[in-house]
Number of protein chains: 2
Amino acid sequence: MNFSGPQFLAETCQACTIRNRAICADLDPQEITLLNSIGRQRELVAGEHLLWEGDEAVLVGNVVEGMLKLSSGTSDGREQIVGLVYPSDFIGRPFGATTPYGAEALTDAKVCVFQRKDFDAFAQEHPRLEHKLLERTLTELDRTRRWMVLLGRMDAEQKLASLLLEFDDRLGASLRANTETETFELPIGRQQIADVLGLTIETISRQFSRMKKAGVVALPSRREVTILDRPTLKSLAG
Amino acid sequence: MNFSGPQFLAETCQACTIRNRAICADLDPQEITLLNSIGRQRELVAGEHLLWEGDEAVLVGNVVEGMLKLSSGTSDGREQIVGLVYPSDFIGRPFGATTPYGAEALTDAKVCVFQRKDFDAFAQEHPRLEHKLLERTLTELDRTRRWMVLLGRMDAEQKLASLLLEFDDRLGASLRANTETETFELPIGRQQIADVLGLTIETISRQFSRMKKAGVVALPSRREVTILDRPTLKSLAG
DNA sequence: CGTCTAGTTGAATTCCGTCAAAGCGGGTGG
DNA sequence: CCACCCGCTTTGACGGAATTCAACTAGACG
């Protein structure tokens, strides 16, 4: 089955939920059609890899739905998550030989993918696209550097509080059960929270328990968090 | 005194030592002249700030000589260095409202600076420049993410060993006393090494002492390091 | 020669990691 | 429908690595 015909995908693009937030925003209809002709939608199930660390960089894309993690392994087999990728975020390494980190779906996900060399060529000829990509990359670099402060200078409590606030912010309306409550669904399990924050699963668990006992959050289920006392949570985040 | 006349700077650019490594490489003579007309050279003494964290982003530039650090402070007054900037590296935050971290000269330095809005406008009209900047930003993002693995998952010994190897690599010929020895000059003091690695000055000092005692490095002076046993140092870095 | 800053070293403490065991919950098969 | 199982999470006890606090030392500079 081949979905890469311009016709089919042009329609997909029109209906695309991230159409005006992703890097393809601002392209004119003709450019969109052209971009369509080189890309295709790909569905990932939770746990499926899109990119493997160290592989040749063959794919780039845009996340349409779901969440992915970017991660890098250490020599002793542990892992550090170096980025979380949300809908409308760009993924992959254009203009480079190898992918310096793996990308794995955390939830079922939908990604609009391109062969890197097709994308590179297209980008070179469409400065507006490159400009969007540049802005996005600069923003991502800022975010990554803020994260470095977290990894380098914060204790376990500050790290977890910060992450919960970030989830609450970035998942926003999309994954929140409804707009009235302060409850949201965690996109990742305890082990991966640990891998994001540079801690162990036991430390995460203990910090959750402490926050629960202190009445700052409630944990209706393993994958849900309710913020009971936002000001305190913010102060814990430092 | 005004150095911003096209004439003067056009000549400066021709003689620029980083001319073919920085983002201005690949521009044609006409573009260079134009770029000159909006930029100027600025000399910094060690310790001088080029950008303040949180300030409005007014400046961007290229480092010509010397080294700078990018850093972000924590609420309790400690600091995390989020990037080291070497000659030919780009510095500052184009297309953004505020500078998310401070930039301070570690050594006396020479920087080719532009008003951000002038640079933004120029970049928008010169896709080749934006492309260079994009490549550079992508590379910087990769480097930053590798650093996250270091901050999140390595112990003090691995962190310091990794940093020494990076210095040895990146300072290369430029700051190395001479090409035959394994000695190089540290661009930063103990406190700032600690701020790079997310550790304290005491821990850095102890790790240096351990490596010295183990015969892996020698420390001819506070600011010099000699690598005596590179294979072991590499294995310490993990 | 004294002062000042940067770095080193030591002792006590704290936080987090490690190891181990038990608890929970969702799914499957009897 | 229930019992069992498996993976994930929680909790506890302990040890170790890094921080903290504090005293001391080495150079640099007047």
Side-chain angles (χ1 to χ4, degrees), chain A residues 45-47 69 74-80 106-107 149-164 185-214 217-225 236 238, chain B residues 46-47 69 74-80 106-107 149-164 185-214 217-225 236-238:
Chain A
V45 298
K69 67 172 182 183
T74 60
S75 50
D76 59 338
R78 293 178 308 167
E79 144 172 351
Q80 175 67 48
L106 293 170
T107 62
V149 177
L150 193 120
L151 286 175
R153 289 297 182 208
M154 297 196 169
D155 66 20
E157 184 173 60
Q158 292 176 306
K159 285 179 176 180
L160 183 57
S162 301
L163 187 66
L164 293 181
E185 189 183 344
L186 287 173
I188 55 181
R190 300 287 187 272
Q191 179 59 57
Q192 291 183 333
I193 293 177
D195 291 338
V196 169
L197 300 178
L199 296 167
T200 59
I201 184 172
E202 294 94 330
T203 300
I204 301 301
S205 184
R206 277 186 254 271
Q207 291 300 330
F208 264 126
S209 299
R210 286 189 49 183
M211 287 186 189
K212 191 169 75 175
K213 190 150 40 178
V217 300
L219 306 169
S221 80
R222 291 176 171 187
R223 283 301 181 103
E224 286 173 305
V225 175
L236 291 182
Chain B
K69 67 172 182 182
T74 60
S75 49
D76 59 338
R78 293 177 308 165
E79 144 171 352
Q80 175 66 48
L106 293 169
T107 62
V149 177
L150 193 119
L151 286 175
R153 289 297 182 207
M154 297 197 169
D155 66 21
E157 185 172 60
Q158 293 176 306
K159 286 179 177 180
L160 183 56
S162 300
L163 186 66
L164 292 181
E185 189 182 344
L186 287 173
I188 55 182
R190 300 288 188 271
Q191 180 58 58
Q192 291 184 333
I193 292 177
D195 292 337
V196 169
L197 300 177
L199 296 167
T200 60
I201 184 173
E202 293 95 330
T203 300
I204 300 301
S205 183
R206 278 185 252 272
Q207 291 300 331
F208 264 126
S209 299
R210 285 188 50 183
M211 287 185 189
K212 192 169 74 174
K213 190 149 41 176
V217 300
L219 306 169
S221 79
R222 293 176 169 188
R223 283 298 183 107
E224 286 174 303
V225 175
L236 290 181

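First the proteins, then the strands, lettered A, B, ... as listed; each starts at 1. Computed from a prediction, not measured in an experiment: that's the story for all the values here.
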Nearest heavy atoms of [X] and [Y], plus distance in Å:
{"X": "B/Leu151", "Y": "B/Val196", "value": "CD2-O, 3.8 Å"}
{"X": "A/Phe208", "Y": "A/Leu160", "value": "N-CD2, 4.0 Å"}
{"X": "A/Gly238", "Y": "B/Ser75", "value": "C-OG, 3.7 Å"}

Length of the [atom1]-[atom2] vector between [X] and [N], whole Å:
{"X": "B/Glu224", "N": "C/dA6", "atom1": "CD", "atom2": "P", "answer": "18 Å"}
{"X": "A/Lys159", "N": "C/dC16", "atom1": "NZ", "atom2": "P", "answer": "8 Å"}
{"X": "A/Arg223", "N": "C/dC24", "atom1": "CZ", "atom2": "C1'", "answer": "15 Å"}

So what does B/Ser221 touch, heavy atoms closer than 4.0 Å: a base, only the sugar-phosphate, or nothing?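 No contact.
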
Contacts of B/Gln158 that satisfy side-chain contact (heavy atoms from CB on, under 4.5 Å) - sequence neighbours left out: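 Applying side-chain contact (heavy atoms from CB on, under 4.5 Å) to B/Gln158 gives B/Met154, B/Asp155.
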
Under a 3.5 Å distance rule, please check whether [X] uses its side chain to pair with a backbone N or O of [Y] as donor and acceptor.
{"X": "A/Arg222", "Y": "A/Leu186", "result": "no"}
{"X": "A/Arg153", "Y": "B/Leu199", "result": "yes"}
{"X": "A/Gln80", "Y": "A/Asp195", "result": "yes"}

Atom pairs, protein N/O to nucleotides 17-23 of chain C N/O, distance under 3.5 Å:
residue : atom : partner  : partner atom : Å
C/dG17  : OP2  : A/Thr200 : N            : 3.4
C/dG17  : OP2  : A/Thr200 : OG1          : 3.1
C/dG17  : OP2  : A/Thr203 : OG1          : 2.4
C/dT18  : O4   : A/Arg206 : NH2          : 2.8
C/dC19  : N4   : A/Glu202 : OE2          : 3.1

Shoot me the first and last contacting nucleotide of DNA chain D against chain A, ordered 5' to 3', at under 4.0 angstrom to non-hydrogen atoms.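 Taking any atom under 4.0 Å from a heavy atom of chain A, the span is D/dG7 to D/dA13.
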
